[in-house]
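All remarks here apply to the structure that follows.
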Amino acid sequence: MYFTTYSTIETILREATGEENVLLTGGGDHADLASTVAFAMAKREKKNPAALAAQIKAAIEGPLAEKGVIVTTIGPYINFVFGPSYVASAVQDALGEGYGALPLRDGKVCIEHTSANPNGPLHVGHIRNSVIGDTLARVFRKAGFDLEVQYYLNDMGRQIAIVSWGFDHLEIPQNEGEKDDHYVARVYVAANRAITADESIKAEIDRRMGLIEQGDPEMVEKFRRAVSLCAEGIKATLARLNTPHDRFVWESSFVQDGSMAAILERIEALPEASHDGILAVDLAAFGFEKEYVLRRSDGTSVYAARDLAYHHWKGDHFDRLINVLGADHKLIGAQLQATMELLGETVPEIVFFEFVSLPEGSMSTRAGKFVSADQLIDEVTEKAFDEVTVRRPELPEEERRSIAAAVAVGAVRYDIVRVSQEKSTVFDWKTALDFERQSAPYVQYSHARACSILDKAGDFEPAFTYTTEAECALAKHLGLFPVVIRTIVDELRPHHLAIYARECADLFNAFYHQDPVLKAEGEIRNARLTLVKAAQNTLKEALETLGIDAVRSM
RNA sequence: GGGCUUGUGGCCUAGCCUGGAUAAGGCGUUAGCCUCCUAAGUUAAUGAUCAGGGGUUCAAAUCCCCUCAAGCCCGCCA
C-alpha cells in the first residue's frame, strides 16, 4: 500500500510542479510524507517558497483527496497525511500470510557467510558474520529472490596443516563431553605453542602444505579428518543460532578438479600477470600498491588462487554473488573483485562488518583468546531460564526450557544485528545477559502479549475503522514492513529490520496501554482486535525474518 | 608512512549514502503506575558545543577539506 501511495503522490507532485525530483522525505511529527520541493523552486525562480508551497498545495489537494491523502502546508513544507482509507488498507495488508514478501524476482543469488577456518569453534566475532549473513538471506528470500547460502570451508590452509601436525605428534586426548570443534582448537593452540618453542617444526608444516596440494592420499585423509571433526562442531553451533547453510563448499575441491589450475592459466595470459618466479597480478590500475600473489615460488598456490576458482564456479551457477566478510578482509576482498573484473567474471558484492573485540583486546583462536559462541549461548540460555522461572513458575519445566532457548538465541542474534555493521563493538557479558528494553525479548514479549489478547478474544468480525492516535500510528507503521524489506535488499544493511521490529513493538505497547481492546465494544472492539492481529502477524514475520522464534507465550 | 572504517547526553545505539521543520530510542539516576487485555511492560523528570576547526548552501549530525582519537589492513598466512 505504501508503495502505491508514495508513487501516486510523486506523480501528482511532478505534474503540478514540472520538477523531475520532487524531494519527498519523511514527514516526521508533521506528516507521513513531506516535500521540500518549494525550496528548490523558490531558489531558481526567485520567489517566496511558502507562497509556492501554497500554490502547489492548491493544485494537488483535489486529486490527492480523491486518493485519501490530505495535503497541508507549514511555511514552505508541503505535508501529506495518509487518511483512513490508507490506514485500513495497511492493516488489511498486514493480516496476510507471509506479510512483507515482495514479488518474485528473476535470477539466482548466492550468499556466502561465516566461512570461518575449521581450526576451532565459532567465537563471538564469527557469529556477527553468521547473523548478518543469515538475516540478509532471510530478507532476500522474503524479497522474492531464489537464494542459496554457502559456507566456504578452508580445508587446505596452513592452520589445518598445523592442526593435523598436532593430532599426529601431541597426543592430546579429547575431554569427556568436549565438543569436537573445541577439541580441535585445543590441539591447534598447543601445536602453535610447540611451533613457537621449536622453529624446526615449520619445515614439517611446509612439507604437509606441499603434500596436500599434490593430493597425497594420506595427507588428504589427515586434513579431511581434522576438518570434518571441526566442521561438524561448527554446524552444531550454526544450528543453535538458526543460521543454516544450504551447502558447504570445500576449498580443496577446486584444486582436485583442476579448476584452480585452469583459472591460473587464464591469469598467466593476462597482461597484468607477473611471473617473477611466482604468479601474481599487478592491480596498480585499481589503485593497489602490492601485487596480488596467487602462486608461491615453490609452486604451491595460496588461498587467493583457490578463492578465484571458487568465485568462478559461483559465477557459473548464480547471477548475483554476495559475500559477508570481516573488515580485515577488505583489501583481499577488493583484490578479488578487481581480478574477477579483469577476467570478465561475475564480480561478487561484499558486505563488510567491523570487528568484535573483548574488553582486553582482539580475539585470537591461535592464542586461545576468545569467547566461544557455544559458551555465550549456554550462559544466555541459563540466564533466560532463570528469568522465565521467576516470571512463569507455573509452567512445566519443559515449556520454560523451550521459551528460554527461544529467548536466548533471539537475544544473542538481536544484540548483534541491531548495530550497523560498520561499527566495531566490544563484547561485554553484562550487556549480553541483559534482556532490557531494546532487545529481542522485548519484541518477543510484545508478540506474546498480542497472542494472549487474541486467545482471550475468541471469534470476531474484522473491522478497519481507526481514530485514536495510537491506533493510527501503529497501523501506519505496520504498513512499512515491505518498505523495510526492500531497503535492506537495496542497501545490504540488515540492522534496519532490528530497528523496525523494535519500533513496531514500541507502538504496539503504546496502543496496548492507551486503548483497551477486550473491554471495548462493538465495532471499536472488532477494529482493535483486527489491529492486534495485524500487529501480531507483522511482529511474527519480522521476528522470523530476523531468525528469532516468535513464541506465543513467555 | 599509506589505505579503509568509526567518533552523536555519564554509557550504548538510530539518524548520515538520497541536506530541510524542536537531533530519536535504550541503559543509568530520580519520582510514579499491577482489585485494569502477561510489569521481559509503562508514565514523567534528568541529561547533547552531533570529536575539533574550516568550507559549500536559503538550510549541515548529514556533503567537501584539514586536524585529533580509536579499530582494522598494508604476508610467497588465511
Side-chain angles (χ1 to χ4, degrees), chain A residues 21 23-31 34-36 39-40 42-43 49 74-77 79 115-117 119 154 156-160 209 251 276-280 287-291 293-298 300-304 306-307 326-332 334 352 354-355 357 362 384 387-388 390-392 407 411 418-426 428 430-431 434-446 448-457 491 493 495-496 498-499 502-503 505-506 509-510 512-520 528-529 532 553-554:
Chain A
N21 184 357
L23 302 171
L24 284 169
T25 67
D29 296 338
H30 307 275
S35 168
T36 55
F39 284 106
K43 170 129 171 98
I74 301 177
Y77 294 92
N79 292 326
S115 302
N117 288 327
N119 55 359
N154 304 138
M156 53 182 297
R158 191 164 198 90
Q159 67 295 114
I160 306 306
M209 293 292 285
E251 180 183 9
D276 208 10
I278 58 169
L279 176 63
F288 299 106
E289 279 180 45
K290 302 274 171 77
E291 289 192 319
V293 176
L294 301 176
R295 196 161 53 209
R296 303 182 180 97
S297 51
D298 68 1
T300 60
S301 60
V302 300
Y303 166 85
R306 280 101 66 177
D307 210 17
D328 54 336
H329 286 66
K330 275 188 181 177
L331 178 60
I332 196 112
F352 290 108
E354 288 290 334
F355 262 53
S357 56
S362 47
E387 298 273 342
V388 182
V390 168
R391 289 162 219 273
R392 305 293 298 277
V407 165
R418 60 183 253 271
V419 181
S420 49
Q421 56 236 30
E422 64 274 11
K423 289 223 184 190
S424 51
T425 61
V426 178
D428 167 47
K430 188 168 164 285
T431 312
D434 189 6
F435 305 141
E436 287 304 328
R437 212 170 173 278
Q438 294 188 327
S439 64
Y442 169 71
V443 181
Q444 288 172 308
Y445 182 77
S446 305
R449 184 179 251 176
C451 287
S452 167
I453 293 173
L454 293 168
D455 286 345
K456 289 191 171 129
E491 299 182 7
R493 291 164 63 74
H495 77 287
H496 289 305
I499 306 297
R502 198 210 74 224
E503 287 167 347
D506 285 341
N509 284 325
Y512 171 91
H513 286 282
Q514 277 158 48
D515 299 326
V517 178
L518 295 177
K519 286 191 173 163
R528 288 187 181 162
L529 279 167
V532 171
S553 166
M554 61 188 279

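Just so it is clear: chains get the letters A, B, ... in the order the sequence lines come, proteins before strands, and each one is counted from 1. Values below: every heavy atom of this structure, side chains too, minus hydrogens, waters and symmetry copies.
Taking the P atoms as reference points, A23(B) lies 14 Å from A60(B), given to the whole Å. Comparing the same atom, P, in U42(B) and in C27(B) gives a spacing of 9 Å after rounding to whole Å. To the nearest whole angstrom, the two P atoms, one in C50(B) and one in C11(B), are 15 Å apart. Atom name C1', nucleotides G20(B) and U62(B): the rounded distance is 11 Å, in whole Å. Spacing between U8(B) and A70(B) at atom P, rounded to whole Å, works out to 14 Å. Nucleotides U46(B) and G25(B) are separated by 14 Å at their P atoms, to the nearest Å. Comparing the same atom, P, in U5(B) and in C66(B) gives a spacing of 14 Å after rounding to whole Å. Going from the C1' atom of G10(B) to that of G19(B) covers 31 Å, rounded to whole Å.
When rounded to the nearest whole Å, the span between OH of Tyr77(A) and P of G19(B) equals 13 Å. Put simply, CZ on Arg306(A) is 10 Å from P on C77(B), counting in whole angstrom units. At whole-Å resolution of the value, CE in Met156(A) and C1' in C77(B) are 13 Å apart. If you take CZ of Arg502(A) and C1' of G41(B), they are 15 Å apart, rounded to a whole angstrom. Residue Leu24(A) contributes atom CG, which lies 12 Å from atom C1' of U18(B) at whole-angstrom precision. Protein atom CD of Glu503(A) is 11 Å distant from nucleotide atom P of G25(B), rounded to whole Å. Between Asp307(A) atom CG and G75(B) atom P the separation is 18 Å, expressed in whole Å. As rounded to whole Å, 14 Å separates atom C1' of C77(B) from atom CG of Leu294(A).
Between Asp506(A) and Arg502(A), at least one side-chain N (NZ, or NE/NH1/NH2) sits under 4.0 Å from a carboxylate O, which counts as a salt bridge. In summary, Lys330(A) and Glu354(A) engage in a salt bridge, as defined by a charged side-chain N under 4.0 Å from a carboxylate O.
Residue Leu518(A) places its side chain closer to C37(B) than to any other of C76(B), C37(B), G15(B). The side chain of Thr36(A) approaches G20(B) more closely than any other nucleotide in the set A40(B), U38(B), G20(B). Checked against G41(B), C77(B), G20(B), the side chain of Arg158(A) finds its nearest nucleotide in C77(B). The side chain of Ser452(A) lies closest to C37(B), out of A21(B), C37(B), G25(B). Looking at the side chain of Leu331(A), the nearest of the listed nucleotides C74(B), U42(B), U57(B) is C74(B). Each of U5(B), U13(B), G41(B) was ranked by its minimum atom distance to the side chain of Arg418(A); first place goes to U13(B). In the set C72(B), U18(B), C76(B), the nucleotide with an atom closest to the side chain of Val302(A) is C76(B). Set against A21(B), G15(B), G2(B), the side chain of Glu289(A) has G2(B) as its closest nucleotide. Checking U13(B), U18(B), C76(B) against the side-chain heavy atoms of Val419(A) singles out U13(B) as nearest. Relative to the side chain of Lys330(A), the nucleotides C4(B), C77(B), C27(B) differ in distance, and C4(B) lies closest.
Taken from CG in Asn117(A) to CD1 in Ile160(A), the straight-line distance is 6.5 Å, to the nearest 0.5 Å. Interatomic distance, CD1 of Ile453(A) versus OH of Tyr512(A), reported as 6.0 Å (0.5 Å rounding).
In this structure, A40(B) makes no Watson-Crick or G-U wobble pair, since no nucleotide meets both defining distances under 3.5 angstrom. In this structure, A45(B) forms a base pair with U29(B), meeting either the Watson-Crick or the G-U wobble geometry with both donor-acceptor distances under 3.5 Å. With a 3.5 Å ceiling on both atom-pair distances, the Watson-Crick or G-U wobble partner of C4(B) is G71(B). Across every strand in view, U62(B) sits unpaired, with no contact that passes the Watson-Crick or G-U test at under 3.5 angstrom. Both distances falling under 3.5 Å, in either a Watson-Crick or a G-U wobble arrangement, place A24(B) opposite U13(B).
In this model, the phosphate group of C72(B) is approached by a side-chain N or O of Ser362(A) to a distance below 4.0 Å at OP1 or OP2. Within the 4.0 Å cut-off from OP1 or OP2 of U42(B), at least one side-chain nitrogen or oxygen of Asn509(A) is found. The side chain of Lys423(A) contributes no N or O atom lying less than 4.0 Å from OP1 or OP2 of C12(B). Here Ser357(A) does not reach the OP1 or OP2 of G71(B): none of its side-chain N or O atoms lies under 4.0 Å away. Considering only side-chain N and O atoms, Arg449(A) lies nowhere under 4.0 angstrom from the phosphate OP1 or OP2 of A40(B). Under 4.0 angstrom from either OP1 or OP2 of A39(B) there lies no side-chain N or O belonging to Tyr442(A). For Ser424(A), no side-chain nitrogen or oxygen approaches OP1 or OP2 of U6(B) to under 4.0 Å. In terms of phosphate contacts, Lys290(A) brings no side-chain nitrogen or oxygen within less than 4.0 Å of OP1 or OP2 of G3(B). The phosphate of G26(B) has OP1 or OP2 within less than 4.0 Å of a side-chain N or O from Arg437(A). Between Arg296(A) and A78(B), a side-chain N or O to OP1/OP2 separation shorter than 4.0 Å is present. In this structure, Tyr303(A) does not reach the A78(B) phosphate: none of its side-chain N or O atoms is under 4.0 Å from OP1 or OP2.
We find that the ring of Tyr512(A) and the base of G41(B) do not stack by the test of centres under 5.5 angstrom and planes tilted less than 30°. Taking a centre distance below 5.5 Å and an interplanar angle below 30 degrees as the stacking criterion, His495(A) does not stack against the six-membered base ring of A14(B). Ring stacking is absent between Phe39(A) and A59(B), as the pair misses the limits of under 5.5 Å between centres and under 30 degrees between planes.
Counted by atom type alone, Tyr442(A) and Asn509(A) present one or more donor-acceptor pairs between their side chains at under 3.5 Å. Using modelled atom types and a 3.5 Å distance limit, the side chains of Arg306(A) and Asn154(A) yield no donor-acceptor pair. Using a 3.5 Å distance cut-off with no hydrogens or angles, the side chains of His495(A) and Gln421(A) do not pair a donor with an acceptor.
Donor-acceptor pairing under 3.5 Å, judged by distance alone, is absent between the side chain of Gln438(A) and the base of C12(B). Evaluation of atom-type donor-acceptor distances gives no pair under 3.5 Å for the side chain of Asp328(A) against the base of A78(B).
Where Pro516(A) and Asp276(A) meet RNA chain B, the nucleotide closest to each residue was compared, and Pro516(A) sits on the side nearer the 5' end. Residues His30(A) and Phe435(A) both approach RNA chain B. Their nearest nucleotides, taken by heavy-atom distance, put His30(A) toward the 5′ side.
Among the atoms of the strands shown, none is found under 4.0 Å from any heavy atom of Ser446(A).
Side-chain contact between Gln444(A) and Val407(A) is present, with heavy atoms from C-beta onward closer than 4.5 Å.
Taking each heavy atom of Ala450(A) and Val532(A) in turn, the nearest pair found is O-CG1, 3.7 Å.
Residue-environment remark: CG (Asp276(A)) stays at or below the threshold of 12 foreign heavy atoms within 6.0 Å.
In textbook terms, a nucleotide whose glycosidic angle is within 90° of 0 is syn, while C63(B), being further out, is anti.
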